[in-house]
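Worksheet for the structure shown next.
If you're wondering where the values come from, they're calculated on a predicted model, not measured in any experiment.
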Amino acid sequence: MHFRLWIDEPIKPRKQTSLAEIHALRRHVHPQMKRLWDQFPLSGHKEWIRTTPPVQGEIAVLEQRGSKEFVPLVTSKAALYCSLDILFMRTEPPGHLIGHGGDIDNRLKTLFDALRVPPLDQINSLGSATEGDESPLYCLLEDDALIANVNVTTDRLLISDKPHDIRAVIKVTLHGSKLTWGNMDLLGA
């Protein structure tokens with residue numbers, strides 16, 4: 001299964017980004033992921049959105065973090081991992097990957113944190129930043145360790161005059177760590 005996510009929010013280097021800003025990016029991804037679950041083939045797997053399966057061997061992906069609930073698509077419970085092909089669109093001219101605001105590796109850290117279910121300590125640190133969140137909040141990853149491959153391309157962002165502004169188009173490809181009755185239609189779509 002392949003799909004694309006569009007990040008139309010600035011992605012700062014991790015060292016310059018607060019947990020609240022990362023969570024704002026996570027909320028930006030939420031409606032895209034929620035809509036994906038409403039479309040084939042994921043629409044046939046809505047029963048996965050629960051904390052415990054009714055029968056051993058079935059899949060349950062709902063993650064509880066304190067009082068917050070998250071629905072990751074890429075999860076070890078479904079025997080899934082992914083590859084990401086990322087197009088970073090930046091206001092800097094080509095070739096400015098490191099320094100002068102490029103800092104692609106730290107922007108990747110910010111992006112990966114925003115695509116995953118946050119750990120409980122981050123949820124607790126966020127405090128009021130999570131107020132108004134939809135429940136559950138849909139995200140891409142249970143854990144960023146489930147990213148097996150990353151390819152990054154950079155190009156010019158021509159709709160912004162802000163220095164160091166960056167947007168992303170992320171092509172996600174799902175893979176299976178093992179083929180199961182539950183995930184086989186996701187791996188062939």
Kindly indicate, with the supporting measurements, whether the criterion salt bridge (Lys or Arg N to Asp or Glu O under 4.0 Å) is fulfilled by D38 and K46.
CA-CA 8 Å; D38 287 333; K46 294 265 187 147; 2.4 Å; yes
Go through the steps for H23 and T130 under the test side-chain hydrogen bond (donor to acceptor under 3.5 Å, both in side chains), then give the verdict.
CA-CA 8 Å; H23 193 66; T130 62; 5.6 Å; no
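In this model, no donor atom of one side chain and acceptor atom of the other lie less than 3.5 Å apart for H30 and D133. In this structure, a donor-acceptor pair under 3.5 Å is absent between the side chains of Q64 and T51. Donor-acceptor pairing under 3.5 Å is lacking for the side chains of N183 and H45.
In this structure, I49 is not a member of the same hydrophobic cluster as V117, with clusters built from ILVMFWY side-chain heavy atoms closer than 4.5 Å.
Between L187 and L80 the shortest side-chain heavy-atom distance falls below 4.5 Å. Two residues are said to be in side-chain contact when any heavy atoms from C-beta on lie closer than 4.5 Å; T91 and D161 fail this criterion. At a threshold of 4.5 Å between non-hydrogen side-chain atoms, the residues L5 and V29 count as touching.
Environment of CG in D8: crowded, with over 12 heavy atoms of neighbouring residues, nucleotides or ligands closer than 6.0 Å. Within 6.0 Å of the CZ atom in R35, the count of heavy atoms belonging to other residues, nucleotides or ligands does not exceed 12.
Here the straight-line distance linking atom SG of C82 with atom CD1 of I147 works out to 5.5 Å at 0.5 Å rounding.
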